[in-house]
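Heavy-atom basis, side chains included; hydrogens, waters and symmetry copies ignored. Worth saying up front: this structure is predicted, and the values here are computed from it rather than measured.
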Amino acid sequence: MRPDPLILRCQAGEWDAIVEWVESYHGRIYNFVYRLLRHREEAEEATQEVIIRILGSLSSYCPESSFRSWIFRIASNYCMDILRKRRQKVVPLFSKTNNDSEGEVLETSDASKEPDNLFKDLELQKRLVRAIDNLPPKYRLVMLLRHQEGLSYQEIVEITDLPVGTVKAQIARARRLLREELNMGSPNVG
């Protein structure tokens with residue numbers, strides 16, 4: 001793997017490179033942190049802390065390894081520490097206040113769909129985001145890394161320090177929970 005010139009400049013302490021890096025990664029880190037913590041103010045503070053930790057640890061980063069995996073490892077470790085300290089109660093996956101009566105199968109959007117179907121897709125996406133947010137933190141973490149960030153199983157293993165089998169099992173369990181949540185309340189149409 002060829003080292004990223006921007007990261008090498010950051011490691012050398014070039015201020016303009018650091019500013020460029022922060023500007024390019026801030027939004028991505030914030031989105032990831034927010035999806036894990038689910039609180040805007042807490043995510044803003046955590047994002048700043050994660051960026052400070054990343055910049056403070058740049059000298060220990062080995063340019064031959066994946067920078068993306070390295071930063072998400074720092075971010076996920078920090079967020080999981082916050083969640084442990086918060087001793088957050090797990091939000092029930094199956095809420096009795098769920099007003100969505102339509103259980104739909106997740107499918108990709110197609111530009112040729114009718115407006116009614118596009119609206120249903122938008123509603124399904126909203127339900128999917130809510131369902132992911134309600135997953136227990138360990139499942140939410142692997143789902144966000146895999147599907148929001150597009151990381152490989154091996155990159156997730158590097159970030160979480162879990163065996164690849166455990167990562168795959170957690171992703172499978174999270175998908176099953178999401179499928180159950182999204183199909184909840186739908187009539188069985190056969």
For Ala17 against Leu6, the heavy-atom pair lying closest together: O-CD1, 3.5 Å
Option from Arg140, Arg35, Arg127, Lys126 for which salt bridge (Lys or Arg N to Asp or Glu O under 4.0 Å) with Asp133 holds: Arg35
For the residue pair His39 / Glu44, report whether a side-chain donor-acceptor contact shorter than 3.5 Å exists. no
Least distance between heavy atoms, Ser69 atom then Ile159 atom: O-CG1, 3.1 Å
With hydrophobic residues grouped by side-chain heavy-atom distances under 4.5 Å, do Tyr34 and Leu128 end up in a single group? no
Between Val164 and Tyr153, which heavy-atom pair has the shortest distance, and what is it? CG2-CB, 4.1 Å
Evaluate the ring-ring contact (aromatic ring centres under 6.0 Å, His included) criterion for residues Phe67 and Tyr25: first the C-alpha distance (whole Å), next the side-chain angles of each, then the deciding distance (0.1 Å), finally the verdict. CA-CA 11 Å; Phe67 184 70; Tyr25 276 88; 5.7 Å; yes
If only atom types and distance count, is the side chain of Gln11 paired as donor or acceptor with the main-chain N or O of Tyr61 below 3.5 Å? yes
Please confirm whether the backbone N or O of Ser57 pairs with a side-chain atom of Ser60, one donor and one acceptor, at under 3.5 Å? yes
Would Glu158 and Arg73 pass as an ion pair if we require N to O under 4.0 Å? no
Do the side chain of Arg146 and the main chain of Leu151 share a donor and acceptor less than 3.5 angstrom apart? yes
Using modelled atom types and a 3.5 Å cut-off, is there a donor and acceptor pairing between side-chain atoms of Thr166 and backbone atoms of Leu162? no
Hey, which of Arg175, Arg173, Arg179 is the one that makes side-chain contact (heavy atoms from CB on, under 4.5 Å) with Leu177? Arg173
Do Cys62 and Trp70 have side-chain heavy atoms sitting under 4.5 Å apart? no
Mind checking whether Leu141 and Lys138 have side chains closer than 4.5 Å, heavy atoms only? no
Shared hydrophobic cluster, Ile156 / Met143 (ILVMFWY, side-chain heavy atoms < 4.5 Å): yes
Check the hydrophobic clustering (I, L, V, M, F, W, Y; side-chain heavy atoms under 4.5 Å; chains of links allowed) and say if Ile71 and Val22 are grouped together. yes
